[in-house]
Amino acid sequence: MSMSLRNSLPEIVTETIPGPKSAELLKIRKNNVTDGVGMLAPVFVDRAEGAMVQDVDGNRFLDFVAGIGVLNIGHSHPEVVEAVQKQAERYFAPNLNVFNYAEYPKLAEKLNEIIPIEGEKETILVNTGAEADENAVKIARRFTGRSEIICFAGAFHGRSYMTMAMTSKCKPYKTGFGPLPQGVNRFPFPYCYRCPHGLEPDSCGMHCLKMFEESYFLEYVDPEQVAAIIMEPVLGEGGFIAPPREYMTGIRKLCDKYGILLIADEIQAGYGRTGKMFACEHWDVRPDIVVSAKSVAGGIPVACVTARKDIMEIFRPGELGGTYCGNALATASALKVLEIMERDDYCAKGRHIGEVCMKRFLEMQKKYDIIGDVRGVGAMQALEFVKDPVTKEPAKEECKAIINECMMHGLVVLGAGVRDNCIRFLLPLVITDEQMNAGLDILEKAIAKIAGK
Ligand SMILES: Cc1ncc(COP(=O)(O)O)c(C=O)c1O
C-alpha cells in the first residue's frame with residue numbers, strides 16, 4: 001500500500017485545489033495561524049513518501065521543493081523512520097548540558113570527518129539554520145575580537161535579528177522590523193546574468209573581486225575590523241546563483257590576507273544537493289566555519305556549526321548551546337541519513353538529476369523566450385523568467401502563474417530571487433526518472449501555456 005505512493009505519479013482527483021477536506025482545514029488555519037507564515041500549496045498532507053505527497057482529499061503531488069531543501073533523502077525514508085522510532089523508545093532530550101548521550105558526539109565526529117575544513121575541527125549542534133548562522137557570527141566575533149561581518153546581495157540567512165540583518169531581500173523579510181543589528185556590511189554578489197557592475201562575464205576581469213581592495217576596504221569597512229565573510233557557496237533564496245571559481249578562491253585569499261574568517265552557509269546547498277556533499281567542494285575552497293542544516297536529518301530539526309578546532313577551543317562551558325540543541329531524535333536521524341547518503345551515493349544522484357534537468361531546461365529555453373537564464377550546480381537548478389530576453393525585464397507575474405499552473409496539475413515548485421521571477425528546483429534526490437520526467441512535462445506545459453505557445 002505505502003510502496004505505491006513512493007513510486008506513483010501525480011494525479012489530481014478533486015475538481016478544485018484545495019479539495020473539500022483541505023478547504024475545511026484551511027478555515028482552521030486561517031482563523032488560528034497568522035498569515036505571516038507563508039503558504040505555497042493550499043492543501044493538507046495525509047502522507048508523504050519519497051518525492052510524493054498525498055493530500056487529505058486523495059490528490060497526489062510531485063514535490064519538487066522537498067521541504068525547501070530539507071528532504072534530499074525524500075519523505076519518510078523507511079530506514080530513517082525506523083532509526084527515529086528506535087530512538088524514541090529510548091530517550092528524546094537528555095540535553096547535553098545535563099546528561100551525555102552518544103548520538104550528539106557521534107554526529108559531531110561524523111561531521112568533523114566530512115565537512116571540508118582544513119585540519120582538525122569541532123562541531124556544535126543547534127536547532128535551526130538561523131540559529132546556526134547566529135552562532136557562526138558569535139564564534140567568529142569572539143575568536144577574532146573584531147565586530148564587522150561582510151555578507152552579500154541576494155543572501156538569505158534567516159529570520160532572527162542578526163540573520164535578518166544579513167539577509168538581503170527587503171520584502172517580506174526585513175521591512176518594518178528595524179532597527180537591525182549593527183556590524184553588517186553588504187557587497188554585490190557575482191550575479192553574472194545581471195552583473196551588478198553592468199559588465200559581461202568573459203571580459204569583466206573579475207571587477208567585482210577587485211572592488212574589495214580598490215573600494216570596499218577603503219571606503220566602507222576596514223578589513224582589520226572584519227571578523228568574517230559569510231557566504232552561501234550557491235545563493236539559495238537569492239535564485240541559485242553560483243559564483244565563478246576565481247571569485248570564490250579570491251575571497252579565500254582576501255580572508256587569509258586580512259585574518260578574516262570565511263563562513264560557508266551550506267544550509268540549502270549541502271548534503272549532496274549540488275552533486276558533492278558540500279557545495280564549496282566544487283571550488284576546492286576550504287572555509288574556516290561551515291554552517292549546515294536542512295537535509296542533514298531528513299526533516300527533524302538540527303543545525304550544525306563546524307569550525308577549525310583552534311577557533312572552537314577558546315570557548316568556556318555555557319558560552320554556546322541551548323536547551324533543545326542536538327536533540328536525540330534529530331541526531332539519531334542525522335546519523336542514519338549520513339550513513340544512507342554515503343552508502344547509496346546521494347552525490348551521484350544529485351549529479352544525475354542535475355544533468356537531466358539542465359538538458360531539459362536548455363531545450364525549453366530554446367523554445368520559450370520567457371526563460372532568460374538556466375543555471376545551477378548539480379540538482380540545485382533554477383530558471384529565471386523575463387518578459388524579454390534582451391531587456392531582461394523580470395517576469396514576476398508570469399513566474400507566479402507558472403507555479404500556480406504546475407500546482408493545478410500536481411507539481412509543486414517554489415519561487416526564488418529578489419525579483420520574484422525565478423523557480424528553484426529542489427527535487428528529493430530519491431526521485432525516480434519516471435517521476436522526474438513527469439514533473440518536467442507538467443512544468444513545460446505550464447511554461448508553454450503562460451508564455452502563450
Ligand atoms: C542558506 C540559508 N541559510 C539560512 C537559512 C535559515 O534556516 P532556518 O529557516 O532553518 O532558520 C536558510 C533557510 O532557508 C537558508 O537557505
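Computed from heavy atoms alone, side chains included, the values below leave out hydrogens, waters and symmetry copies. Both ligands and their constituent atoms are indexed starting at 1 by order of listing. Count residues from 1 along the sequence.
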Assess the pair [X] and [Y]: is the distance between their ring centroids shorter than 6.0 Å?
| X | Y | answer |
| --- | --- | --- |
| F212 | F187 | yes |
| Y173 | F156 | yes |
| F240 | F425 | no |
| F99 | Y91 | no |

Min N/O separation [X] to ligand 1 under 3.5 Å:
| X | value |
| --- | --- |
| E131 | no |
| D265 | yes |
| E232 | no |
| F156 | yes |

Exercise. Considering only heavy atoms of D133, which atoms of ligand 1 have at least one such atom less than 4.0 Å away?
Worked result: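 Listed by number with element, the hits are 3 (N), 4 (C).
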Exercise. By number and element, which atoms of ligand 1 are closer than 4.0 Å to a non-hydrogen atom of T128?
Worked result: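 Within the 4.0 Å cut-off of T128, ligand 1 contributes 10 (O), 11 (O).
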Problem set entry | Part of E237 within contact of ligand 1 (heavy atoms, under 4.0 Å) | neither
Exercise. Can you tell which part of I68 has a heavy atom less than 4.0 Å from ligand 1: side chain, backbone, both or neither?
Worked result: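 Neither; nothing of I68 gets under 4.0 Å from ligand 1.
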For this session: For the pair Y101 and Y104, name the ring-plane relationship: parallel under 30°, tilted 30 to 60°, perpendicular over 60°.
Result: perpendicular
For this session: State if A130 counts as touching ligand 1 under the rule of any non-hydrogen atom under 4.0 Å.
Result: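 Heavy atoms of A130 do come under 4.0 Å of ligand 1.
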Seminar exercise, completed: Ranked by distance from atom 7 (O) of ligand 1, the top protein heavy atom is G129 CA, 3.3 Å
Exercise. Is the shortest heavy-atom distance from the side chain of E232 to the side chain of E237 under 4.5 Å?
Worked result: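 They are not in side-chain contact.
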